[in-house]
Amino acid sequence: MNSVDTIFAPAPDLDDRLADAATWEHGGRLWPSGEQQTLTCCRVIDETHDVRSFEFRTANGLPVRFEPGQFLTVSANVQGQSVERCYTISSAPTRPFLLSITVKRVPGGTVSNWLHDNMKPGGTLRAYGPSGVFTPSAAPATKSLYLSAGSGVTPLMSMTRAGIDLGLDRDIVFIHSARTPTDIVFREELAWLAKRSPRLRVFFVCEGVGDEAHWNGPTGRLTLHLLSQWAPDYLEREVFTCGPAGYMSAVRALLREGGHDPARYHQESFDIGAGVAPEPARPAAAEGIFTVKLSRSSKSFTMNASETLLSAAKKAGVVVASSCSQGVCGTCKTKVLEGTVDMKHNGGIRDREIQKGFHLLCCSRPTSDLVLEL
Ligand code: FES
């Protein structure tokens, strides 16, 4: 994983500074990326009437290294069933001993509602990661435009907090859309951060005023007119967007209409909480029956070449950790010890992991008999 200094370069001594922080209490050990850990809840913060931040420490006290914008896959035991979901980290990697996720209670949201109802200080949660490529290191820029809606604010909040902590001289326009003023997540903190950092400008637009009759900000949706008012130079900015799928497609259309270069547009590729991502491409013609052996359990099963390894493993009764099923979250990452697969992922795995033989089972199909490290 890239270190935080390479994300925001140049800051050549940052890694040392973080390592010092890690050494301070824990002898420099870091939570290894990609492994499952137990997190212990140390604080629950009500951000709005239906959004809460849950702050965690790793159970063994190790600091966590991640990039702002990345997410965790958490595994909750809901009514005896293990259920996994991805949540973007809202805390900043510059404070590596605390990890927070910010979660909206949603109707029918199995894990989000479970967290709201059950997670208290002292409670524990299993988590994988951190994973994801929606990070500033994907497109380093001196001028950025952060656009978010609802709980999509979380990755952009992590990026903003990290930038401020590092004292980076970055020009950021942050526009957040909410249903009503009381639904604005991190409203006070964003305003406070903007006060401390003149190069961070924060704007809110609400669909309606709700209970806050004195709201003097704009109402309705984000328009090209508002965007041009708040960020007249938006064509020059690297855009990072996160929110519900409908919001992101509206923003994309808006920017296209305004003439923004699509190559400078980046969005979180799954709908937070819903786990919706582009379907990994299927091979044109996958035929054949292959045998898959599992090295740890000594189990084996046969499968059709057109199936994903994840779905075939589940059918065969093999328990495999998974979440998005779309090649995004990285939860199903498994080493292929023998054989070849065709993988079409959506950013949930890094090139160097692939070089080491890892693949995402949810978007990989066999092209020969296989032995998996499972
Ligand atoms: Fe998310 Fe496979 S389950 S990448």
Side-chain angles (χ1 to χ4, degrees), residues 1 32-37 66-67 69-78 81-89 101 103 109-112 125-135 138 154-155 242 245 267-283 286 292 294 296 301 303-337 339-367 370 372-374:
M1 180 175 296
S33 149
E35 291 186 13
Q36 192 184 51
Q37 292 285 322
F66 62 97
E67 297 183 43
Q70 288 195 301
F71 61 87
L72 293 176
T73 304
V74 306
S75 175
N77 192 308
V78 184
Q81 295 263 329
S82 174
V83 189
E84 281 151 347
R85 291 287 184 278
C86 304
Y87 291 104
T88 311
I89 301 166
I101 56 174
V103 180
T110 312
V111 177
S112 56
L125 197 62
R126 300 290 291 169
Y128 309 88
S131 326
V133 294
F134 180 69
T135 68
T154 51
C242 190
Q267 69 175 41
E268 180 54 292
S269 56
F270 60 96
D271 193 355
I272 289 188
V276 177
E279 174 75 17
R282 298 178 71 88
V292 180
L294 310 181
R296 288 183 182 148
F301 57 89
M303 65 176 290
N304 198 298
S306 61
E307 270 182 294
T308 66
L309 285 161
L310 180 65
S311 116
K314 284 189 172 173
K315 268 193 219 164
V318 179
V319 178
V320 183
S322 64
S323 179
C324 68
S325 295
Q326 305 288 342
V328 174
C329 70
T331 309
C332 63
K333 198 179 303 166
T334 301
K335 196 165 192 176
V336 176
L337 299 173
T340 53
V341 302
D342 180 23
M343 176 171 69
K344 301 280 189 294
H345 68 89
N346 280 312
I349 188 165
R350 289 170 186 265
D351 287 346
R352 65 170 174 266
E353 293 172 315
I354 298 171
Q355 280 158 16
K356 286 181 186 164
F358 287 94
H359 289 82
L360 301 178
L361 300 189
C362 67
C363 54
S364 295
R365 294 172 170 84
T367 51
L370 297 172
L372 302 181
E373 193 175 58
L374 261 182

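Just follow the structure's listing: the first ligand is 1, and inside any ligand the first atom is 1.
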Take M303 and L309 through the side chain to side chain contact (heavy atoms under 4.5 Å, CB included) test and state the conclusion after the steps. CA-CA 8 Å; M303 65 176 290; L309 285 161; 3.4 Å; yes

Residue that, paired with Y87, satisfies side-chain contact (heavy atoms from CB on, under 4.5 Å) out of T154, V111, T73: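 Among the candidates, only V111 passes.
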
Within-2.8 Å protein N/O/S contacts of atom 1 (Fe) of ligand 1: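 Protein N/O/S atoms under 2.8 Å of atom 1 (Fe) of ligand 1: C324 SG, C329 SG.
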
Would you give the length of the straight line joining atom NZ of K314 to atom SG of C332, rounded to the nearest 0.5 angstrom?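 Atom-to-atom, K314:NZ and C332:SG are 9.0 Å apart.
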
Would you call E353 and K333 a salt bridge, taking side-chain N to carboxylate O under 4.0 Å as the test?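 Salt bridge present between E353 and K333.
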
S364 side-chain N/O to L360 backbone N/O, donor-acceptor pair under 3.5 Å: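 Here the side-chain-to-backbone pair exists.
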
Are R126 and Q37 packed together at the side-chain level, in the sense that at least one heavy-atom pair is separated by less than 4.5 angstrom?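 Sidechains of Q37 and R126: no contact.
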
